[in-house]
Structures are given as structure tokens and as C-alpha cells.
Peer 1: 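First the structure, then my questions, so here it is.
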Amino acid sequence: MNPEKKLSEEKVFKDPVHRYIHVRDKLIWDLIGTKEFQRLRRIKQLGTTYLTFHGAEHSRFSHSLGVYEIIRRIIDDVFKGRDEWDEGERLVTLCAALLHDVGHGPFSHSFEKVFHLDHESFTQKIILGETEVNNVLKEEGADFPTKVSEVIAKTYKNKQVISLISSQIDADRMDYLLRDAYYTGVSYGNFDMERILRTMRPREDMVVFKSSGMHAVEDYIMSRYQMYWQVYFHPVTRSAEVILSKILHRAKKLYLNGYEFKYHPTHFESIFNGSVTLEDYIRLDEGVAFYYFQQWLDEEDKILKDLCDRFLNRRLFQYIEFNALLQLDKWSELTNLFKKAGIDPEYYLVPDSSSDLPYDYYRPGEEEERLPIYLLMGNNDIRELSRESFIVEAISGKKRTDHKLYFPLDLINDTSSKKKYKEEIKRILGI
Amino acid sequence: MLESYIYILEFINKAKEISGRKKLQKMIYISKKFNLPFIERFNFHFYGPYSDELTVKVEELCNMGLIEEEKTKKSGATQYVYRLTNKGEDVLTNHLEQLREHIPLINNLQNQTSRFLELVATLLYFESLSMIEAIEKVKSLKSKQNYTDEEFTIAYDFIEKLKKNEVAC
């Protein structure tokens with residue numbers, strides 16, 4: 001591998017979360033300048049959350065820089081010179097941190113569910129394929145792109161490197177919790193990251209935390225728990241997500257059924273027919289998606305038009321607590337009544353559960369299913385966090401889950417037609 | 001969407017009970033690779049292919065009272081045993097059986113150790129690599145497991161039989 005090439009002067013990015021992001025390595029500077037990385041400016045970190053917390057317009061670009069900066073501080077300020085840290089892993093770790101989300105598409109979660117895409121697979125393709133990112137990485141050595149991709153895919157030999165970027169307390173989570181709390185404006189996402197970083201120690205196959213840092217780690221766990229329920233699983237955000245998914249479902253269905261769009265959905269075509277290439281994928285960002293949602297306001301298809309109007313103008317679905325699996329009779333009755341009332345249940349009666357969300361909270365990970373957080377005790381013993389912390393034990397014990405049912409209250413309240421069925425729907429929904 | 005829960009319920013029901021979270025994850029991953037209709041996404045974790053989504057769905061089914069999770073001790077370590085509750089069986093009676101033809105496969109996986117299933121699942125995860133490359137990869141990623149050459153041979157033989165449907169039927 002080449003010796004690390006440095007810029008003649010350090011570059012800095014002003015950042016509201018970490019104050020400054022420092023770049024000294026030419027490789028990192030060049031990666032930031034690639035078109036695939038710049039594309040992340042046009043993809044929001046929190047998808048539809050801005051419809052609930054209007055400040056949440058920050059991008060995956062700023063998050064990716066933030067993860068890079070946290071890793072840089074860990075390896076340059078805390079790990080450097082320690083026996084258990086291999087300095088030869090520095091650049092691959094920094095690159096993996098910067099690029100870990102490069103394969104995300106617009107409104108990733110909905111797009112992935114509806115079109116069976118996988119952002120992790122596109123991350124691999126961007127790093128290994130014919131891209132500007134790959135060209136920059138190859139300057140470091142022919143096998144360097146593979147190493148970076150393996151760290152992100154969690155198949156790299158050095159597990160300590162993987163755990164810095166992807167574990168139950170990693171740079172990715174630390175940045176998004178702080179950044180999402182900052183931009184949403186909520187006060188409960190904060191924790192003392194500086195303190196956590198200072199207590200991190202490299203060990204074989206993992207990173208541990210000095211027990212003196214336990215209270216800072218507890219704060220991080222609490223932050224993760226509160227952000228999960230207060231921000232990520234916010235029912236209004238979920239409502240917007242449900243509508244977005246249904247827009248994509250409807251547009252795809254119309255396309256596959258040969259519907260004549262007034263404005264041909266060129267950018268979506270290969271996604272609709274399941275033949276999306278890397279080039280097509282990179283071209284699609286949230287600007288493009290919003291452009292089509294605007295265009296579809298003028299479509300003849302009433303469902304597509306209505307769903308786009310709801311999404312763009314924030315006329316979201318209402319919800320009740322409802323578990324369809326435990327109330328199969330009611331679920332079946334509601335589905336039939338929606339059909340009779342002329343409201344297509346495929347698009348307007350939607351169950352949503354905690355498992356539909358790509359976030360979670362801390363799990364101690366018994367039975368080796370996931371590496372838990374370990375504390376380094378004074379006698380050099382290593383203890384799992386929830387065995388030492390009553391707070392963590394309490395919130396990681398009983399798992400809370402959630403099930404809701406979303407529907408358009410305005411259509412049900414409009415009793416100018418099918419009044420009998422709509423009244424019956426309201427009775428069952430308890431509204 | 002509801003079907004995805006039903007498949008998990010039916011899978012556990014057909015297996016009677018599944019001992020261990022790791023075993024449950026690997027059984028479902030291998031089954032998905034052999035076209036059982038699971039939609040949960042798996043990524044590579046420290047101990048092989050693993051699905052967060054499956055973990056949360058199992059938690060949801062436990063909270064609904066459809067699956068029972070029994071905490072036991074095995075060789076000093078905690079292990080969770082999963083089986084359907086009566087309520088879970090009642091829910092299944094309202095749905096058509098979907099996995100009946102896969103009972104031999106499910107039973108076969110059930111009879112393997114979680115260590116062996118971890119090896120099989122990991123080899124399947126790296127199926128795009130050549131056999132030599134995949135074995136090297138597993139040895140490098142799972143050096144502490146100390147899988148023997150004989151175990152690799154048995155695992156590949158097992159995968160071949162699954163592919164030829166010899167194990168499944």
C-alpha cells in the first residue's frame with residue numbers, strides 16, 4: 001500500500017454537530033469530491049421525518065462526513081500508539097466510515113421495500129464497480145476497494161475495524177443520534193460523545209469501554225431508546241411513510257399494467273420492471289422523485305393523484321392502535337367495508353408495525369446473536385453492559401413493540417356517498 | 001404483510017420447537033435460500049447471516065402471546081427456546097398451510113446443531129465465491145470456531161443434497 005498522501009493544508013468543513021470536520025488525507029478529500037458521494041447531498045437522512053419535525057431536512061452527505069469525523073477522532077486521538085490498534089488499518093477504516101451509506105437511494109426504506117432493492121448491495125457496487133469512487137480507491141492499491149467494501153459488509157478479517165463502524169455502539173449510531181436530535185430539535189437525543197470516545201479501548205476483535213465511562217454509555221443507550229420511540233417511530237412520520245410506499249406501489253402497478261402516464265416515468269422505468277442498473281440507480285435522487293410526485297398530481301388515475309397530493313401537501317392518514325393478526329375478524333370486516341365504501345383497502349387501509357422500521361434499541365445479545373457492549377473493569381475483566389448498569393438492564397429487558405392501522409379519515413368522514421358503510425367503518429375503528 | 005408473520009408461526013409450529021436464537025436465525029436463513037417465502041432481509045453479522053427484522057418480528061409475536069420464549073440454561077449459557085402457544089395455534093387454524101411440503105427440510109434443519117447451521121448458512125452467504133475461496137473466507141472470519149476440513153466436507157455435502165432436494169423430500 002502507498003504511504004498515506006496528505007494534503008498540503010488541512011481542509012475543514014463547518015458542522016453543527018461536531019463543530020469542525022477535519023480532512024488531511026488526499027484520499028478522503030478526493031472521495032468527497034466524487035459524484036456518487038456528492039449525490040448524498042440530495043438524499044435526506046431521515047426520509048419523511050421532515051413532515052413531523054420540520055427541521056429534519058439534513059442529508060446523508062452530512063451524516064457520512066460526521067461518521068468519518070468520529071472515526072478520525074477515535075483512531076487519531078484515542079487509539080493511536082496503542083498496542084491493540086493496527087495503524088495500517090487507518091485509511092481503510094476512514095474510507096469505510098465515509099462511504100458506509102453511499103448506496104442509499106431516495107427515501108431508502110420505502111423504495112427498498114416496494115422495489116426489493118438493497119442499499120447495501122448498491123454500496124458494494126459503487127465501491128467495486130466502474131465509478132469515480134472506485135477510481136479514487138484504486139489509487140491506494142488494486143485490492144483496496146475490496147477491503148473497504150468488506151468492512152462495510154462486515155466480512156472484513158479485522159473485526160475490531162468492523163465494530164468501530166457497525167456495532168451496538170458505533171460511529172454510525174453516535175452520529176445519527178446526535179445529528180437527528182439536533183435537526184429535529186428534540187432535547188432527549190443528546191449524550192456526551194467526547195466522554196465515550198475517551199473511554200474507548202481497542203481489544204482483539206472488538207472495542208470496549210472503560211467502566212468509568214459507563215454513565216456516558218448509559219446516556220447513549222437512553223438516547224437511542226428515546227429517539228426510537230419519539231422520532232424514528234413517530235406515528236405521523238410513519239403515516240407519511242405509509243403513503244409514500246403506496247404511491248410507489250400504485251405507480252409500479254399502473255406501469256406494469258400498461259397505463260399511459262401523461263409524463264412517461266423514464267427515471268423509474270427500470271426500477272418498475274426490475275432491471276435497474278447502477279447508472280439508473282445513481283441518477284435517482286429525491287429531487288427526481290419529488291418531480292414525478294408533482295407530475296403525478298395531474299394524472300387521470302385517481303388513487304395515484306390523491307396519494308401524491310396527500311404526500312406533497314401533508315394530508316396524512318389517521319391511525320389507531322390495531323393488531324390485525326390478533327383481530328382477524330375485524331380486519332377482514334374492515335377490508336370488505338372499505339371495498340363497499342369505494343375506498344380501495346390495498347392503498348387506504350394499511351397496518352404498520354415496529355418491525356417495519358430500520359431502527360432498533362439496545363439488545364444485550366445473549367447467545368452470541370449480536371456483539372453486545374462490553375465494559376473494561378478495573379481488574380481487566382470484561383463485563384456486558386446490562387449486567388453492570390441497572391438502567392440498561394431495565395430498558396433492554398421487556399421488548400416493547402407496536403402495531404397501528406392507518407386510514408384516510410377525510411374519506412371516511414365524507415358521508416355524501418356510501419354513508420351506511422362509512423358509519424359502520426367508523427364504528428369498528430372506534431372513531 | 002400479515003403473511004410474513006404467519007410463515008414464521010407456521011415454521012416454528014412445523015419444527016415443534018426451536019432451541020436457540022442463533023438456530024432460529026440460521027434455520028430461517030437457510031430455508032429462505034431454498035425458496036421458502038420469507039421476506040426478512042439478512043446481513044452478515046459477527047456470527048453469520050442475521051436478520052434484525054426477524055428478531056423484531058419474533059419479539060412482536062412473543063408480545064402478542066402467539067409464541068412462547070422460554071429462557072433456559074445450557075452448559076452455563078443462556079438459551080431461548082421458541083414454541084407456539086395455544087393462541088398461536090388458533091391463529092394458524094385460520095390460515096391455509098403454506099409450508100407443508102417443506103416439513104422434511106424444516107425437520108432436517110431442526111436436527112442439526114446451531115454450530116453446523118452457522119457453517120452452512122455462512123457458506124451459503126458466500127456462495128458467489130468458489131468453494132476454496134469460501135472456505136478460506138469462513139476460516140478467516142470464524143477462526144475461533146475452528147471448523148475442521150471434515151465439517152466443511154459435510155456442510156458442502158449437506159448443501160448439495162438440499163440443492164438436489166434430497167434432504168427436503
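In what follows, every chain begins at residue 1, and chains take the letters A, B, ... in the order their sequences are listed. Remember, predicted model here, so these are calculated numbers, not experimental data.
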Peer 1: Is it the side chain or the backbone of A:Ser353 that comes within 4.5 Å of chain B heavy atoms, both, or neither?
Peer 2: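 Answer is both: backbone and side chain atoms of A:Ser353 are under 4.5 Å from chain B.
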
Peer 1: Take B:Arg41 and A:Glu120 through the salt bridge (Lys or Arg N to Asp or Glu O under 4.0 Å) test and state the conclusion after the steps.
Peer 2: CA-CA 11 Å; B:Arg41 179 171 299 168; A:Glu120 301 207 6; over 6 Å; no

Peer 1: If I compare all heavy atoms of A:Ser355 with all of B:Glu53, which pair ends up nearest, and what's the gap?
Peer 2: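 Here A:Ser355 and B:Glu53 meet closest at O-CG, 3.6 Å.
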
Peer 1: Between A:Asp205 and chain B, with a heavy-atom cut-off of 4.5 Å, which part of the residue counts as in contact: side chain, backbone, both or neither?
Peer 2: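 Its backbone and side chain both get close to chain B.
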
Peer 1: Can you say whether B:Leu54 sits under 4.5 Å from chain A via the side chain, the backbone, both, or neither, judging by heavy atoms?
Peer 2: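 The answer is neither part of B:Leu54.
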
Peer 1: Got a sec: does the CD of A:Glu204 have more than 12 other heavy atoms crowding it under 6.0 Å?
Peer 2: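 No, because the 6.0 Å sphere around CD of A:Glu204 holds 12 heavy atoms or fewer from other groups.
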
Peer 1: Where do B:Lys142 and A:Lys159 come nearest, in terms of heavy atoms and distance?
Peer 2: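 For B:Lys142 versus A:Lys159, the nearest heavy atoms are N-NZ, 4.4 Å.
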
Peer 1: Under 3.5 Å, side chain of B:Glu59 to main-chain N/O of A:Thr401, donor-acceptor pair present?
Peer 2: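 A pair under 3.5 Å: no.
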
Peer 1: A quick test of your reading: do over 12 heavy atoms of other residues, nucleotides or ligands sit less than 6.0 Å from CG of A:Asp329?
Peer 2: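 No, the 6.0 Å shell around CG holds no more than 12 heavy atoms from other groups.
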
Peer 1: Among B:Ser143, B:Ser114, B:Ser140, who wins on heavy-atom pairs under 4.5 Å with chain A?
Peer 2: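 It is B:Ser140.
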
Peer 1: Give, for atom CG of B:Asn63 and atom CG of A:Asp402, the distance between the pair rounded to the nearest 0.5 Å.
Peer 2: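 If I round to the nearest 0.5 Å, the distance is 10.5 Å.
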
Peer 1: If you define the side chain from C-beta out and look only at heavy atoms, does anything of B:Glu60 sit under 4.5 Å from A:Asn323?
Peer 2: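 No, side chains not in contact.
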
Peer 1: Who among A:Asn158, A:Ile162, A:Leu328 has the most heavy-atom pairs with chain B under 4.5 Å?
Peer 2: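 Most pairs with chain B among the choices: A:Leu328.
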
Peer 1: So for A:Leu325, is it side chain, backbone, both, or neither that comes closer than 4.5 Å to the heavy atoms of chain B?
Peer 2: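 For A:Leu325, backbone and side chain are both near chain B.
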
Peer 1: Quick one: does B:Lys137's side chain have a donor or acceptor within less than 3.5 Å of a partner on A:Thr155's backbone?
Peer 2: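 Looks like yes, one N/O pair under 3.5 Å.
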
Peer 1: Do other residues, nucleotides or ligands put more than 12 heavy atoms under 6.0 Å from B:Asn111 CG?
Peer 2: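 Correct, the count exceeds 12.
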
Peer 1: What part of B:Leu66 lies closer than 4.5 angstrom to a heavy atom of chain A: side chain, backbone, both or neither?
Peer 2: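 Just its side chain gets close to chain A.
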
Peer 1: Select, from B:Ile39, B:Leu9, B:Asn43, B:Leu61, the one with the greatest count of heavy-atom pairs under 4.5 Å involving chain A.
Peer 2: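 Heavy-atom pairs under 4.5 Å are most numerous for B:Asn43.
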
Peer 1: Do side-chain atoms of A:Lys154 reach the backbone of B:Gly48 as a donor and acceptor pair under 3.5 angstrom?
Peer 2: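 No; judged by distance alone, with no hydrogens or angles, the pair does not exist.
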
